[in-house]
Colleague: 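Have a look at the structure that comes next, please.
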Amino acid sequence: MHNQEKFLQLRKENPVFTYEGFDYQITDNQIDIKFHFRIGEDIKFAPAMHLNPGRHGISEIPADVCENLIFHIGLIELISYWKCACSPIVHVRGYRLSVDQQQWWKKLYWKGLGEFFYQNGITSSIDDFLQFRFDEDAQPIAQLKCQKVAESNRVIVPIGGGKDSVVTLEQLRKEREIVPFIINPRGATLACARIAGFPDLNDIVVLKRQIDQNLLKLNAEGYLNGHTPFSAMLAFYSLLVSTATGVRDVALSNESSANEPTIPGTEINHQYSKSVEFEQDFRYYVKTYLGDTNHYYSHLRPYCELEIARFFAQYPQYFPVFKSCNAGSKTDIWCCNCPKCLFAYIILSPFIDDATMIGIFGEDLLNKPSLQTYFDELTGIAEVKPFECVGTIDEVNQALAMIADSRGDKYLVQRWRKLK
């Protein structure tokens, strides 16, 4: 209730969020972008992005095509800043979206912020939470379609440092030329790229995103904060990478499990922008409004988490370096105290022996009582799944059954019986 009141008050005090525009420069095989957002007259944001395609180079990009792509990236970047005050009007300067485009973006914002609204205890509706406004002389952006990128044997593979992108890398590199793509490189992403055959940073397309510190300051002062659809942002940056490098295909590593809601019986899904629904919507938007610029798909969509874990177990060279823990990402560790760590441990354990698993994580997470709450959330005993990128409840329970059967772990079996 407190956050609902804050939500309404912030909207009243900050009625308009403005997307002022952007600056960009292409120099020395690099693209630098700065967006300009503001709330009212006093709160301003200028997040900066730096794209370096390395040896893959930058193709000649017509100015109107580049500006169209960057404008669309700004539409997804602004959500991280809009959410601090949730202004009821988003005023877009310079361009105009069609009615269909406005509905498309509202759906993405609404579903992509489902966790944000839920976690903050905010009640609204897709019709009321925001409206777009444009300048009277704004140019319809739908008239500025991008150039189509030709098909080739090359494929862009975003590397996140976890087991999923490793499986995609290993399966695709047998038959295609990989163009690795990393956002804000860190230990695990660079190590996985190195083992996959890309030891030099120049082999990788690198995007560095710089958050405006003013947003962090506002969050510290009590403005609203929460989850935004990161994978949707990745999707729009992939358009720029495709156009810059001339590589049409972008192979994500989103599995079938991403479609399950985090809150059973609702549409609230931490992984919404990894779902089939978003992927199909994104391809529709690209084909309709951006000239079929790239082909964005998930290589792992046909597989469940258990199948992916079985595939990953075939690549022990990655065991010492891969990481899927958000809490430990900055220091490149498994924190061993979060639901993501516990899920990874459970889903891999049917295919990797005890000693190796303990070596990877540093301790036995299957026998750690302090993780009981997360165990209950992952297995469906609790009403809500963890707000993390984890598998389905059925997959977790199947993995536990496989572990119990193969190892005769009495402690695990005892916990497992609670689900019967």
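Residues: numbered from 1 along the sequence shown.
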Colleague: Where the side chain of Asp32 meets the backbone of Ile26, is there a donor-acceptor pair that is under 3.5 Å apart?
Modeller: no
Colleague: Does a salt bridge link Glu267 with Lys111, judged by any charged N lying under 4.0 Å from a carboxylate O?
Modeller: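 So Glu267 pairs with Lys111 through a salt bridge.
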Colleague: Can you confirm whether or not the ring centre of Phe387 sits under 6.0 Å from the ring centre of Tyr118?
Modeller: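 Ring centroids of Phe387 and Tyr118 are less than 6.0 Å from each other.
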Colleague: Could you tell me whether the side chain of Lys34 and the main chain of Pro47 form a donor-acceptor pair under 3.5 Å?
Modeller: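 Not a single qualifying donor-acceptor pair exists.
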Colleague: Taking the six-membered ring for Trp, is the centroid-to-centroid distance between His295 and Tyr297 below 6.0 Å?
Modeller: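 Yes, they do, as the ring centres are separated by less than 6.0 Å.
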Colleague: Hey, does the side chain of Asp353 reach the backbone of Ala355 with a donor-acceptor pair shorter than 3.5 angstrom?
Modeller: yes
Colleague: Using only atom types and a distance under 3.5 Å, with no angle test, would you say the side chain of Glu377 pairs donor to acceptor with the backbone of Tyr374?
Modeller: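 Pair absent, no side-chain N/O of Glu377 close to backbone of Tyr374.
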Colleague: Using a strict cut-off of less than 4.0 Å between a Lys/Arg side-chain nitrogen and an Asp/Glu carboxylate oxygen, indicate whether Glu305 and Lys163 qualify as a salt bridge.
Modeller: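 Result for this pair is yes, salt bridge flagged.
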Colleague: Salt bridge check: are Arg209 and Glu77 linked by an N-O gap of less than 4.0 Å?
Modeller: yes
Colleague: Any carboxylate oxygen within less than 4.0 angstrom of a Lys/Arg side-chain nitrogen, looking at Asp200 and Arg55?
Modeller: no
Colleague: Cut-off 3.5 Å, side chains only: do Gln171 and His299 have a donor facing an acceptor?
Modeller: yes
Colleague: Which residues pass the side chain to side chain contact (heavy atoms under 4.5 Å, CB included) test with Ser349, sequence neighbours left out?
Modeller: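 If we apply the side chain to side chain contact (heavy atoms under 4.5 Å, CB included) test to Ser349, skipping adjacent residues, the hits are Tyr345, Met357, Leu366, Ile403, Arg407.
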Colleague: Ring pair (Phe, Tyr, Trp, His ring centres under 6.0 Å) with Phe236: which of Tyr296, Trp105, Phe71?
Modeller: Trp105
Colleague: Are the side chain of Asn269 and the backbone N or O of Ala258 linked by a donor-acceptor pair below 3.5 Å?
Modeller: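 Indeed, once roles are kept as given, a pair shorter than 3.5 Å links the two residues.
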Colleague: Is the backbone of Pro185 close enough, under 3.5 Å, to the side chain of Thr189 for a donor and an acceptor to pair up by distance?
Modeller: no
Colleague: Tell me whether Lys274 is salt-bridged to Glu255, with the criterion being a basic N under 4.0 Å from an acidic carboxylate O.
Modeller: no
Colleague: Are the charged groups of Lys107 and Asp281 less than 4.0 angstrom apart, N to O?
Modeller: yes
Colleague: Would you confirm whether Ser87, through its side chain, and Ile89, through its main-chain N or O, come within 3.5 Å as a donor-acceptor pair?
Modeller: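 No, because the side chain of Ser87 does not come within donor-acceptor range (under 3.5 Å) of the backbone of Ile89.
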Colleague: Given Trp104, which of Tyr285, Tyr289, Trp110 fulfils the ring pair (Phe, Tyr, Trp, His ring centres under 6.0 Å) condition?
Modeller: Tyr285
Colleague: Can a donor-acceptor pair be found, under 3.5 Å and without considering hydrogens, that links the side chain of Asn219 to the backbone of Leu224?
Modeller: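 Indeed, once roles are kept as given, a pair shorter than 3.5 Å links the two residues.
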